[in-house]
Amino acid sequence: MGSLYQDPMAAVPMIVMDETIGLRVVPDKISLSDPVMLRHVLCCSILLHNLFHVVLCCRQLRKCNRSEEPPRQMRNVMSAAAFQAAKDTEMHAVERQLMGYVFDAIFSCMELYFGVFHVLWDRTMALYGNVGEIVWRNLAYMALFSTYMVMRTLPLVFYEKLALDNRYNVDPEKAPPLVGVICALAFVIVFVQVLLIPLTAIFLYIEIYGGYYFVFWIWGFLFAVSLLALLFFTLFGLPCLGKSIQLPEGPLRTQLLDVLEEFNFPANRVTLMHTFHIANATAYVWGYGCCKRLVILDNLILNRAMPLDELLPEELNMGLSDNQVAAFVAHQLSHWRHHHLLKAFILIHISLIIYMALFGTCYHVYAIYEAAGFPHNSYPIIVGYWLVYKYVMPPYLTVSNWIIFYFIRHSEYTADNDTWHRGYGRSMQAALLKLFADHYVFPFDDHWYLMWYRTRPSCLQRLRNLQRLDLGTRLSRIELI
């Protein structure tokens with residue numbers, strides 16, 4: 001076999017012997033070390049994974065089709081027309097998601113059996129075969145690979161624009177036309193390369209100089225970046241969302257002082273942020289010791305706490321009243337009191353380090369690269385990231401995502417329960433209904449679909465939980481009487 005990396009000064013293209021498994025379907029032995037056998041197993045894995053998510057999407061579509069009117073708790077704030085519009089939007093999104101899994105399964109199997117990634121590598125070497133630096137060859141491959149991955153989305157784009165938009169009555173004035181989306185993809189290709197190529201270079205150098213366990217250096221890099229981000233947000237807030245000021249004197253501050261005192265949170269660490277009309281209406285709490293911070297976005301407050309003549313027409317009567325804001329802030333402070341952010345951070349990084357350990361083990365299995373159509377020991381380093389992520393790790397991600405999402409949803413219920421026990425239950429229910437009325441979404445979720453696609457319980461589920469707490473209290477009082 002020819003040398004993998006030849007002297008670039010030789011001025012001849014690098015010669016790579018094309019000893020691939022081609023389109024063989026009969027393995028030499030029934031073992032995962034056989035690339036033909038492994039290719040069948042990887043394709044079955046991706047088919048089963050995507051089929052599972054197709055079933056989840058079908059369950060949500062069935063839930064949508066069976067729902068004909070708003071739930072009883074929301075009939076006063078959601079009209080039949082608004083319900084139908086939210087239903088169409090949800091069905092459009094879920095069916096697009098479903099077809100995305102279908103197209104992905106088809107492309108994933110074709111890419112393995114027809115050696116698409118090996119073809120891209122051959123094209124890269126034909127253009128850059130004289131370049132001696134391994135990193136530069138992989139960066140060139142990543143540029144071609146990322147372009148292909150963007151083009152891979154075209155069937156779904158055509159399906160959405162030619163079928164889904166018409167079926168679900170998408171307003172053509174609010175949705176970009178097909179030609180506009182295709183033109184935007186050209187920008188996406190450039191943007192993806194600008195983003196991925198520097199990141200690829202960082203990961204490649206970590207791998208080259210990090211040794212066999214380089215994945216733990218990558219985890220360390222991600223851990224450090226996320227920790228620095230949390231520290232930055234704690235010290236400086238969220239300047240990317242808008243300008244922050246100290247919460248001014250007024251009825252809202254008076255309402256919040258009681259809540260802050262109850263949670264022993266310093267009033268001088270509360271800021272009001274004037275957003276750029278893009279953020280969700282919410283409030284953020286994080287930090288410990290002298291670095292505590294509570295940020296209330298102005299779109300959470302009724303009429304953004306601004307004079308009416310300064311508001312856009314669609315902003316009138318949006319937001320919560322003062323007592324509803326107080327209940328919402330109590331809910332966010334309950335998250336802070338129970339250290340939900342810290343626990344989620346730890347859980348995510350535990351999941352990530354296990355992922356990296358499994359990833360690093362599979363990354364060094366040469367049979368995976370041969371199963372993708374590459375000759376033995378002749379492949380771009382960077383392609384292993386995609387092969388392991390796409391074909392090997394989905395079962396682990398399916399389980400770990402369920403665990404993380406379950407914890408986050410459970411945290412919402414815990415904060416709601418704590419808010420209710422502190423006497424803000426009625427105001428919290430009113431706040432949830434008002435936020436729902438300001439931004440309609442489809443209120444129903446299939447239980448199985450929710451477990452893998454919703455990081456938070458729906459507004460309807462939270463309302464029912466608070467109502468159960470109210471009912472339990474009333475029944476207890478009746479028993480006492």
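We're numbering straight along the sequence, starting at 1.
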#### Entry: Considering all heavy atoms, the nearest Ala281-Leu435 contact
CB-CD2, 4.1 Å

### Task
Apply side chain to side chain donor-acceptor pair (under 3.5 Å) to Gln461 and Asn465, showing your working.
CA-CA 6 Å; Gln461 289 175 313; Asn465 175 59; over 6 Å; no

### Task
For atom CD of Gln84, decide whether the heavy atoms of other residues, nucleotides or ligands shown that lie under 6.0 angstrom number more than 12.
yes

### Message
Nearest 0.5 angstrom please: His331 NE2 to Phe328 CZ, how far?
### Response
6.5 Å

### Task
Let me see the working for Phe214 and Tyr363 under ring-ring contact (aromatic ring centres under 6.0 Å, His included), right down to the final yes or no.
CA-CA 11 Å; Phe214 74 96; Tyr363 181 83; 5.2 Å; yes

## Note on the structure
Nearest heavy-atom approach of Val441 to Ala86 is C-CB, 3.8 Å

### Query
Just wondering, do Leu256 and Leu294 contact through their side chains at under 4.5 Å, heavy atoms?
no

### Query
With a cut-off of 6.0 Å (strictly less than), are more than 12 heavy atoms of other residues, nucleotides or ligands near OH of Tyr396?
yes

### Task
Using atom types as modelled and distance alone, determine if a side-chain donor or acceptor of Asp104 lies under 3.5 Å from a backbone N or O of Gly100.
no

### Query
Is the number of heavy atoms from other residues, nucleotides or ligands under 6.0 Å of Asn264 CG greater than 12?
no

### Query
Does Leu247 offer a backbone N or O that forms a donor-acceptor pair with the side chain of Arg253 under 3.5 Å?
yes

### Query
Looking at CG of Leu228 and CZ of Phe232, how far apart are the two atoms once the value is rounded to the nearest 0.5 Å?
11.0 Å

### Query
Short question: side chain of Lys161, backbone of Pro177 - any donor-acceptor pair under 3.5 Å?
no

#### Entry: Ile408 to Thr455 - nearest heavy-atom pair and separation
CG2-O, 3.0 Å

### Query
More than 12 heavy atoms of other residues, nucleotides or ligands under 6.0 Å from CZ of Arg123: is that the case?
no

### Query
Are Arg96 and Tyr168 in a cation-pi contact, defined as NZ or CZ under 6.0 Å from the six-membered ring centre and within 45° of the axis?
no

### Query
So, the side chain of Trp452 versus the backbone of Asn401: is there a donor-acceptor pair under 3.5 Å, distance only?
no

### Task
Evaluate the ring-ring contact (aromatic ring centres under 6.0 Å, His included) criterion for residues Phe221 and Trp217: first the C-alpha distance (whole Å), next the side-chain angles of each, then the deciding distance (0.1 Å), finally the verdict.
CA-CA 6 Å; Phe221 170 77; Trp217 288 101; over 10 Å; no

### Query
For atom NE2 of His410, is the number of surrounding heavy atoms from other residues, nucleotides or ligands below 6.0 Å larger than 12?
no

### Message
Looking at every heavy atom in both Ala140 and Thr124, which two are closest together, and how far apart are they?
### Response
CB-CG2, 3.9 Å

### Query
Do the non-hydrogen side-chain atoms of Ile301 and Leu272 ever get within less than 4.5 Å of each other?
yes

### Query
Mind checking whether His349 and Phe345 have parallel, tilted or perpendicular rings, split at 30° and 60°?
tilted

### Task
State, with a plain yes or no, whether a side-chain heavy atom of Phe52 is found less than 4.5 Å away from one of His49.
no

### Query
Are the side chain of Tyr141 and the backbone N or O of Phe117 linked by a donor-acceptor pair below 3.5 Å?
yes

### Query
Do the side chain of Trp336 and the main chain of Arg293 share a donor and acceptor less than 3.5 angstrom apart?
no

### Task
State whether a side-chain donor-acceptor pair under 3.5 Å links Thr147 with Gln193.
yes

### Query
Does a sphere of radius 6.0 Å around CZ in Phe405 hold more than 12 heavy atoms from other residues, nucleotides or ligands, not counting ones at 6.0 Å or beyond?
yes

### Query
Any side-chain heavy atom of Gln255 within less than 4.5 Å of one from Asn323?
yes

### Query
Just by modelled atom types, is the Ser108 backbone N or O under 3.5 Å from a matching donor or acceptor in the Tyr391 side chain?
yes

### Task
Check whether any side-chain heavy atom of Leu469 sits under 4.5 Å from a side-chain heavy atom of Asp416, and report yes or no.
no

### Task
Let me know which of Arg454, Lys63, Arg59, Arg66 forms a salt bridge (charged side-chain N to carboxylate O under 4.0 Å, His left out) with Asp446.
Arg59

### Query
Within the side chain of Lys87, is there an N or O that forms a donor-acceptor pair under 3.5 Å with the backbone of Phe442?
no

### Task
Could you tell me the separation between the CG atom of Leu56 and the CG atom of Leu98, rounded to the nearest 0.5 Å?
10.0 Å

### Query
Hey, mind stepping through Glu111 and Lys390 against salt bridge (Lys or Arg N to Asp or Glu O under 4.0 Å) and telling me if it holds?
CA-CA 11 Å; Glu111 287 157 0; Lys390 186 63 183 178; over 6 Å; no

### Query
So does Asn268 have more than 12 non-hydrogen atoms from other groups sitting under 6.0 Å from CG?
yes

### Query
Taking atom CZ of Arg62 and atom OG of Ser67, what is their separation to the nearest 0.5 Å?
11.0 Å

### Side-chain (Arg304) to main-chain (Asp298) donor-acceptor, under 3.5 angstrom
no

## Note on the structure
Between Asp470 and Arg426, the two heavy atoms sitting closest are OD2-NE, 3.5 Å

### Query
Is Phe145 close to Thr200 at the side-chain level, that is, under 4.5 Å between some pair of heavy atoms?
no

### Task
Determine the minimum heavy-atom distance between Gln97 and Tyr449, stating which atoms define it.
OE1-OH, 2.9 Å

### Query
Is a side-chain donor-acceptor pair under 3.5 Å present for Gln60 with Tyr453?
no

### Query
Any side-chain heavy atom of Leu156 sitting closer than 4.5 Å to one from Met99?
yes

### Query
Side chain of Asp165, backbone of Val170: donor and acceptor closer than 3.5 Å?
no

#### Entry: Other residues, nucleotides, ligands: >12 heavy atoms within 6.0 Å of Met151 CE
no

### Atom pair CZ/CG of Arg468 and Leu471 - distance to nearest 0.5 Å
10.0 Å

### Message
Within this structure, what is the NE2-NZ distance for the pair His338 and Lys343, rounded to the nearest 0.5 Å?
### Response
7.0 Å

### Message
Do Pro443 and Gln73 make a side-chain contact, defined as non-hydrogen atoms from C-beta onward lying under 4.5 Å apart?
### Response
no

### Query
So Thr414 and His340, side chain to side chain donor-acceptor pair (under 3.5 Å) or not? Walk me through it.
CA-CA 10 Å; Thr414 301; His340 287 158; 4.7 Å; no

